Every structure is written in C-alpha cells, then in structure tokens.
Amino acid sequence: MQAKVSKEIQLNKYSQMDDNIKAKDRIIAWPRMGRIDIPLKALLLTLGAKVVIPPANSKETLELGVKNSIEGICLPYKLNLANYIMALESGANTLMMFQAPGSCRLGNYTKMAQKTLKKMGYEFDMVIFDMYKSKMKQTLQAFWHVTRCINPFKYYKAFSLGFNKFFAIDEAEKQMFYYRPREIRKGEAEKYYNKWLKIIDETNTIMGAKTLVKKIKKDFKNIEIDGKKNVPVVYLLGEFFVLLDPYTNQNVEKVLGEMGIEVQRQIMFSGWLEHVLKPSIFYNKESHRERCVRYAKKYMKRAIGGECIETIGDTVYAAQNGVDGVIHLMPFSCMPEIVSQNILSKVSKEEDIPVITLVLDEQTGKAGYITRIEAFVDLVKRKKYKNQNKNLRERTTV
Amino acid sequence: MLEQKKIGIPRAISYYNNYPFYYGFFSELGFEVILSDKTTTGLINNGSECVVSDTCLPIKVYVGHVLNLLDKGCDTIFVPSLQSTAHKINNCSKVRGLPEIIRNVVNRRFNMIEPTLDKTEGIGIKEFCKDIANQLKIYDNDIINLAMKKGWQMYDNFVQMAKSGISHQEAMQNAISGKFSLKNIDVVKPLSVVIMGHGYNLFDERISMNILKKLEKMGVKVYTGLNVSREEAMDAIQDIGEIQYWANELDLTGAAAYYMQKRKVDGIIALSAFGCGPDSLMVDEIQYHAKNKNIPMIVLTIDEHTGEAGFITRLEAFVDMLIRKKRKLIAEKANLKHMPEKINQNKEQVFLTRA
Ligand code: SF4
Ligand code: SF4
C-alpha cells in the first residue's frame with residue numbers, strides 16, 4: 001500500500017508535461033538516432049512546430065557528452081546528452097526523449113539528463129515518448145502537447161508524410177545494403193542513397209511521399225552490378241543506439257559493404273513503427289519481437305530488458321535461414337548485451353553460424369576494429385565457399 | 001521415499017537478502033537445502049572461465065557457486081529470475097537473466113528450478129512460489145501456502161534481527177534455526193559510516209574483502225541497508241528528491257539517503273563492482289547530495305583483480321580523514337562554547353584525543 005501511494009507522489013513530482021512554454025514558442029529537438037530526423041521533422045513542421053536538429057554525432061559530440069556525464073554511464077547516454085546540449089545551444093526549448101524498445105537504463109537516463117541540463121543552467125521542457133508501450137492515442141497526445149495543433153487534416157498529413165518517409169528511408173537503406181557489395185563502380189550505391197535521402201527530405205506532398213518506395217526500388221536498378229559475384233549475407237544486431245549510429249559503430253555497414261558483404265540490419269525503423277503504432281487488430285502479422293521470442297526459446301525463456309532477446313532470436317533465425325554470419329554490436333558495460341554476449345557463444349556453436357561481438361566505447365581504436373572485422377569476414381567467406389563447394393560436389397556425384 | 005530430496009542454492013546474488021525465505025519455503029516443502037561453499041578465489045576463477053570477461057564480478061561469482069553445487073553432486077539447483085520487485089522497479093538485466101546465463105554458460109546436465117518474479121507483469125510472490133513448487137512437481141496449494149508462510153516467518157525474523165544491529169551472518173543463522181533475539185544496546189563508537197552496496201557485495205567476505213569487520217576493527221560503527229526498513233528507505237529517497245528506479249535501490253540510495261538525512265554518520269562508503277551499470281547511477285546521485293551536505297564519501301570499486309593491500313590503504317586513509325575532520329569539528333565547537341550534547345561530546349573528545 002505504502003509503495004503505491006509514494007509512487008503516485010513521485011509521478012506527480014516528476015510529471016514530464018510542463019506547460020510553461022507556449023505552443024507557438026516551442027522549438028523542438030530530439031537525439032540523433034539513425035535518420036529519424038527526416039520523418040520527424042516533416043511530421044512536426046506539418047503540425048506547425050519549429051524544430052532544431054543537432055549535428056550528426058562526431059568526435060566533438062562525444063567529447064561534449066563525456067565531459068558532462070559520469071564515467072560509468074553507457075555511451076548512448078553520453079551522445080544523447082551532447083545532442084541535447086547542442087540543440088539547446090541553438091535555441092531549442094523542448095526536448096523529446098524516446099523510450100526505445102528496451103527498458104533498461106533509459107528510464108533513468110531521462111531523469112539524469114534532465115537534472116544535468118538543469119544544473120548547467122538550461123531551461124526547457126522534456127516530453128517523453130514511450131514508443132514501445134504506448135499506442136496511437138498517447139502518441140497523438142504527446143504531439144498535441146508540443147504543437148497544440150487541432151486541425152485533423154494536418155494530423156493526417158503529418159503522419160502520412162512521416163510514416164511514408166520512414167518507409168522510404170528504410171527502403172533506400174535496404175537497397176544500398178544490397179547494391180554496395182555488388183556495384184561495379186565503387187561508391188555508386190551510396191551516391192544513390194544520398195540522393196534519395198535528399199529527395200525524401202524535400203518531398204512535401206502526401207502523394208509524393210506515398211510513391212517514394214516504388215521510385216526508390218526502380219531507380220536503384222540503374223546501378224550496374226556484378227551479377228556473378230558471390231556475396232555473403234551478414235546480420236547486424238545488438239543495442240539499438242550503436243546499431244543506428246554510424247559514428248559510434250564506425251560505419252560498420254559501409255566497411256562491410258566494401259569488403260563485399262551484404263549487410264542486413266534487424267532493427268529497421270518502419271518495422272518497429274508498424275508494430276508500435278498500428279492498433280493490434282490491424283496487425284495480424286507476427287511482429288519482429290514475437291518472432292525473436294519464438295526463435296530464442298531454446299536459449300532464453302524470458303525477456304530481460306534491452307534488446308537481448310532480439311539479439312538471440314535474430315541470431316538463431318539467421319542461422320536457420322541461410323545467413324552467413326552475425327555481427328553483434330554493443331556499448332561497453334551494456335547490461336542486457338553482456339547477457340547476450342554470454343549466450344551467443346553457445347548459439348554460435350550449436351547453430352553453426354559465425355558470430356563476432358564488437359564492444360564499442362569511447363576509445364575504440366579504428367585499426368584494431370577493422371582488423372577484427374576483416375578476420376571475421378575472411379572466416380565467413382571461407383565457410384561459405386567451403387559449403388558451396390561441398391554442395392556442388394554432392395550434386396555432381398548424385 | 002528413501003532419501004530426502006535436495007535442492008541446491010548458490011550462495012550469491014539473492015541469497016544475501018532472501019535466503020531465510022528460500023530456506024523456510026524449501027524445508028517446509030520437505031527438501032534438504034544444500035548451500036554452496038563460501039566464495040573463494042578458486043571458485044571465482046571457475047566462474048570467470050565460463051563467462052565473457054566484461055561480465056561483472058558478482059555474476060562470475062554466481063556462476064562459480066552453481067559449479068560448486070554441481071561438484072558437490074547436487075543436481076537440482078534453484079536459479080530464480082527476479083525481474084521486478086514492484087511495479088516498474090526492475091533489477092539489472094543480469095540479475096533478471098540469471099537462469100538464461102546459467103543455462104547457456106554451464107555445460108553440464110542438471111535440473112534448474114527457475115521461477116520468475118515480475119511484479120510489473122503481475123507475477124507476485126505467490127505466483128513465484130507456485131512456480132517453484134510446480135517445477136518440483138508439487139501441486140497441492142495448501143502445502144505451497146504453508147511453505148510460503150514458513151518462508152515469510154523466517155524472513156521477517158531475519159529482517160528484524162538484522163535491523164536491530166545483529167550481524168548479517170548471525171541474523172541469518174538465527175533465522176533459519178528458529179532463534180530470535182534483538183540487539184538492544186548499541187555500542188557507542190566515535191565514528192560511524194554507512195556503506196551503500198548490494199547485499200551480495202557487502203556480505204560476501206571475499207568480494208567485500210571483509211570490509212565490515214575491517215571497519216569495526218578500526219573503531220568505526222557501520223550501517224548498511226539492513227539497518228533501514230523498507231519504508232524508511234523509500235521515504236529517504238523521496239526526501240532527497242530522487243525516485244526509486246532499481247530493485248536494489250533501497251540497499252544503496254535508500255540506506256545512504258537515510259543516514260545522510262538523519263545526519264547520523266560521518267562518512268559514506270560506496271562499494272560497487274567494476275562495470276556495474278545501476279551502481280554508477282546510484283553512486284553518482286548520492287555523491288551529488290553528499291557534496292551538497294558536506295559529508296565525505298569514498299567509492300570503492302572491486303573486481304577479481306583488486307588487491308587487498310591497496311584496498312585497505314584507501315579505506316584507512318578515508319577513516320583517518322574522517323577522524324581528523326571530526327576532531328577539528330569538536331575542537332571548533334568547544335571553542336565556541338556551544339555544547340548542547342555536552343556529555344556525549346566530552347566522551348568522544350576524550351576518546352579521540354587518546355586514539
Ligand atoms: S541497453 Fe545498454 S546501452 Fe542501453 S541503456 Fe541499457 S545498458 Fe545502456
Ligand atoms: S547490479 Fe551491478 S553488480 Fe549486480 S549484476 Fe547488475 S551489473 Fe552486476
């Protein structure tokens with residue numbers, strides 16, 4: 001009983017929805033997570049809000065983050081904090097925080113970031129989006145809170161733009177992942193990708209946004225490829241932020257693509273969004289998470305926070321679906337992913353799939369990192385060719 | 001049935017806070033409870049070999065204890081998953097995933113009893129106990145309820161005894177052998193500190209390098225989370241303007257905040273495992289408040305390579321500093337002729353000048 005009462009008091013005390021900033025004065029910012037900035041910007045602008053987008057993560061971002069946070073806290077927090085500081089410096093007064101799928105230290109993050117920023121003298125309002133648990137209604141409420149927009153058509157337009165841009169970005173990424181290892185002219189796939197990002201960003205009509213995916217698919221076909229090239233497929237998985245941030249993971253997607261590997265990333269925004277925002281009656285497909293729980297069963301019987309069960313489930317799925325290897329990314333001292341790392345060595349053995357864990361911290365040296373990836377790629381290729389030769393021999397002898 | 005059925009409980013992680021409950025519950029169900037041996041360096045090494053090196057020390061220790069039980073020939077082992085202890089009050093992922101870790105890193109055949117406690121999802125102690133019993137093929141609800149009652153009884157006794165100041169080990173011994181005693185007279189010591197740390201770090205003599213006894217020997221009165229009730233700890237956390245987020249927070253932030261607010265202690269010691277996520281947050285919170293209140297604080301981090309010599313040196317230096325600070329304070333107060341607690345202070349003064 002006691003616990004219940006005090007919790008309510010706490011909730012009130014820390015209630016996130018301050019109202020001391022008028023909607024028209026709001027300038028909204030959020031941390032960097034992949035290219036979420038493009039769709040979110042479109043969404044908020046359509047609702048009549050102003051936004052600030054902090055620069056992409058870099059050495060400066062990291063230094064700023066490290067300087068202002070405690071040592072033991074995880075890398076994603078440090079980067080998020082720096083994003084906030086930079087945004088506040090350029091005029092933001094409303095910060096959005098996303099509760100990503102895992103429910104690990106994130107709850108604590110927000111509280112701490114708030115405290116730190118207030119201590120530094122900034123004034124702002126923080127709005128929390130629980131993207132994982134909340135459904136459409138709460139999401140709308142949160143957007144209403146920051147924009148006070150009451151025009152339903154604008155909501156329709158905003159969400160339709162936002163969603164379609166999400167899907168378009170995912171599509172462009174997927175295409176790039178496919179074409180990069182196969183392209184004849186080095187760098188072409190990336191050029192296409194960047195071109196499309198710009199187009200996606202500039203698209204302003206619902207119709208335009210809706211046709212993006214189709215156009216992207218068609219356009220990438222213009223890239224000339226080496227059709228006979230033997231391209232192994234590698235899954236990228238692990239902790240959400242490092243997976244989506246090219247600065248922290250040292251652009252591992254590109255590194256692999258250039259080594260002739262097709263990467264597939266399991267956390268894609270649209271998949272996540274679909275599962276989160278669509279009312280469950282319209283959603284009868286098995287969600288990504290449900291699939292993970294099913295595949296992880298042999299090794300894990302329960303989710304333990306963070307993306308641990310996704311990591312394990314996807315690895316098993318990869319092994320059983322002809323994927324050639326798995327790269328597991330995690331920030332240093334990430335609690336759920338340490339559990340994953342411990343379990344993965346067994347999964348790798350029993351499912352017979354090469355797995356490597358890359359631990360990212362502030363000082364990950366580029367040279368050692370690339371060497372490890374190279375060695376892994378060698379292993380994956382050798383294994384793939386060996387199996388292929390074996391299959392070939394079997395077929396010819398029959 | 002010829003032989004009594006056995007259940008093994010690793011002397012690690014939740015053992016330190018919950019063992020009396022586990023003991024009462026299992027023995028009432030008719031099981032002989034087998035405990036693993038006390039933590040030793042060898043045991044830690046065995047555990048470390050099974051897990052990746054970035055894993056925190058307490059988990060390595062836990063794995064070591066499971067192996068120890070297996071070596072003793074015990075093949076039914078209790079490995080609970082304590083997900084959350086109240087709504088949205090979670091444990092660290094590694095504690096939540098103990099059965100998952102053990103299942104995948106210990107390559108031996110045994111029967112793992114792995115119940116889940118997850119109050120966020122409405123899986124409370126009752127369901128937890130039923131889960132255990134069912135996994136042991138006991139389905140009679142009356143028997144289960146009775147066992148639960150026994151567990152609670154032992155647990156409550158333990159908590160009361162420990163709160164009154166009886167040492168962790170003694171309180172646990174008493175509780176499981178059905179004895180009950182309270183410590184009424186508190187020995188007055190010139191200095192007092194509160195240690196914030198997980199039970200599995202503080203009361204494991206190998207992990208904590210016996211810090212409690214060492215401090216007692218230096219003449220320091222030590223308080224821990226055991227000396228603070230649940231409610232007191234929760235109120236204290238609120239008092240300093242924080243919110244509880246972690247299941248273990250009461251033993252850490254709660255204890256520290258309580259003694260900080262009551263101004264009962266001269267210093268705060270944080271004992272945490274290297275690379276521990278939750279601790280880094282909680283310790284930081286307390287450091288912030290301790291600084292504001294001008295209470296000295298030291299953070300001791302341990303891993304399997306921590307040398308005892310360096311550890312003691314740091315501890316002694318901290319205690320020396322506390323003594324100096326207190327002497328100065330008393331001297332100042334004496335000069336000001338402002339002595340509200342005359343008798344007490346004089347006593348302390350005499351002791352300190354002699355020491
Ligand atoms: S999942 Fe890992 S990186 Fe994310 S908050 Fe938890 S510990 Fe930090
Ligand atoms: S709370 Fe800290 S010490 Fe305990 S298991 Fe988690 S990381 Fe390890």
Side-chain angles (χ1 to χ4, degrees), chain A residues 2-7 9-11 13-14 69-74 77 102-112 115-116 119 133 296 298-309 312 330-347 349-350 357 359 361, chain B residues 50-56 59 63 81 83-107 114 116 118-121 230-231 234-235 237-238 241-246 272 274-285 287-288 299 301:
Chain A
Q2 177 109 17
K4 208 167 183 183
V5 173
S6 54
K7 207 168 72 234
I9 299 170
Q10 286 166 2
L11 280 180
K13 206 159 155 191
Y14 283 87
S69 29
I70 58 168
E71 202 189 312
I73 200 157
C74 23
Y77 170 84
S103 63
C104 170
R105 270 191 257 187
L106 278 158
N108 244 358
Y109 266 17
T110 330
K111 186 176 103 183
M112 221 174 143
K115 215 165 66 186
T116 311
K119 237 195 298 178
K133 284 272 161 64
K298 184 172 158 204
Y299 304 93
M300 286 185 81
K301 294 195 176 152
R302 46 179 83 70
I304 57 153
E307 284 90 29
C308 181
I309 203 157
I312 302 304
M330 62 180 266
F332 177 69
S333 93
C334 173
M335 300 175 289
E337 294 308 325
I338 282 182
V339 178
S340 305
Q341 198 190 353
N342 272 313
I343 301 177
L344 277 177
S345 46
K346 181 160 173 203
V347 179
K349 235 179 274 149
E350 299 211 344
T357 295
V359 182
D361 68 8
Chain B
C50 298
V51 294
V52 296
S53 61
D54 281 346
T55 314
C56 61
I59 298 295
V63 177
S81 161
Q83 299 259 26
S84 55
T85 54
H87 185 73
K88 288 227 171 159
I89 304 290
N90 288 331
N91 257 312
C92 142
S93 289
K94 295 180 218 169
V95 175
R96 297 169 66 175
L98 273 181
E100 317 308 324
I101 298 177
I102 296 301
R103 184 184 356 267
N104 293 291
V105 304
V106 176
N107 287 321
E114 41 166 324
T116 309
D118 194 351
K119 293 203 178 163
T120 309
E121 303 291 332
R230 246 182 99 73
E231 289 72 29
M234 287 202 292
D235 288 347
I237 292 175
Q238 265 189 44
E242 302 289 350
I243 36 178
Q244 190 192 355
Y245 186 76
W246 300 103
S272 62
F274 177 73
C276 170
D279 282 15
S280 64
L281 292 163
M282 292 189 264
V283 168
D284 178 68
E285 264 171 19
Q287 258 175 331
Y288 170 76
V299 183
T301 331

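Sequence lines set the chain letters: A, B, ... in the order given, protein chains first and strands last, and positions in each chain run from 1. This is a predicted model, so every value here is computed, not measured.
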### Query
Among Asp118(B), Val51(B), Ile101(B), which residue forms the greatest number of heavy-atom pairs with chain A at distances under 4.5 Å?
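When all of Asp118(B), Val51(B), Ile101(B) are compared, Val51(B) has the most.
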
### Message
For chain A, which candidate among Pro99(B), Cys50(B), Cys56(B) shows the most heavy-atom pairs at distances under 4.5 Å?
### Response
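Ranked by heavy-atom pairs under 4.5 Å with chain A, first place is Pro99(B).
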
### Query
Between the main-chain N or O of Val52(B) and the side-chain N or O of Asn342(A), is there a donor-acceptor pair closer than 3.5 Å?
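Flag set: sc Asn342(A) to bb Val52(B) pair under 3.5 Å.
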
### Message
Treating Gln83(B) as the side-chain partner and Ala303(A) as the backbone partner, does any N or O pair qualify as donor plus acceptor under 3.5 Å?
### Response
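Judged by distance alone, yes, a pair lies under 3.5 Å.
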
### Task
Kindly determine whether Glu114(B) and Lys301(A) satisfy salt bridge (charged side-chain N to carboxylate O under 4.0 Å, His left out), including the steps that lead there.
CA-CA 10 Å; Glu114(B) 41 166 324; Lys301(A) 294 195 176 152; 3.1 Å; yes

#### Entry: Options Arg302(A), Lys115(A), Glu337(A), ranked by heavy-atom pairs under 4.5 Å with chain B, top entry
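Top option by heavy-atom pairs under 4.5 Å: Arg302(A).
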
### Task
Please report the C-alpha distance between Thr85(B) and Asn91(B) in whole Å, then the side-chain angles of each, then the deciding distance to 0.1 Å, and finally whether the side chain to side chain donor-acceptor pair (under 3.5 Å) criterion is met.
CA-CA 8 Å; Thr85(B) 54; Asn91(B) 257 312; 5.8 Å; no

### Query
So what's closer than 4.5 Å to chain B heavy atoms on Ile70(A): side chain, backbone, both or neither?
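Ile70(A) touches chain B through side-chain heavy atoms alone.
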
### Message
Taking side chain as everything from C-beta outward and backbone as N, CA, C, O, which of these in Lys298(A) sits under 4.5 Å from a heavy atom of chain B? Side chain, backbone, both or neither.
### Response
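Looking at Lys298(A), just its backbone touches chain B.
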
### Task
Report the distance from atom OG of Ser280(B) to atom CD of Glu71(A), rounding to the nearest 0.5 Å.
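Rounded to the nearest 0.5 Å, the OG-CD separation comes out at 9.5 Å.
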
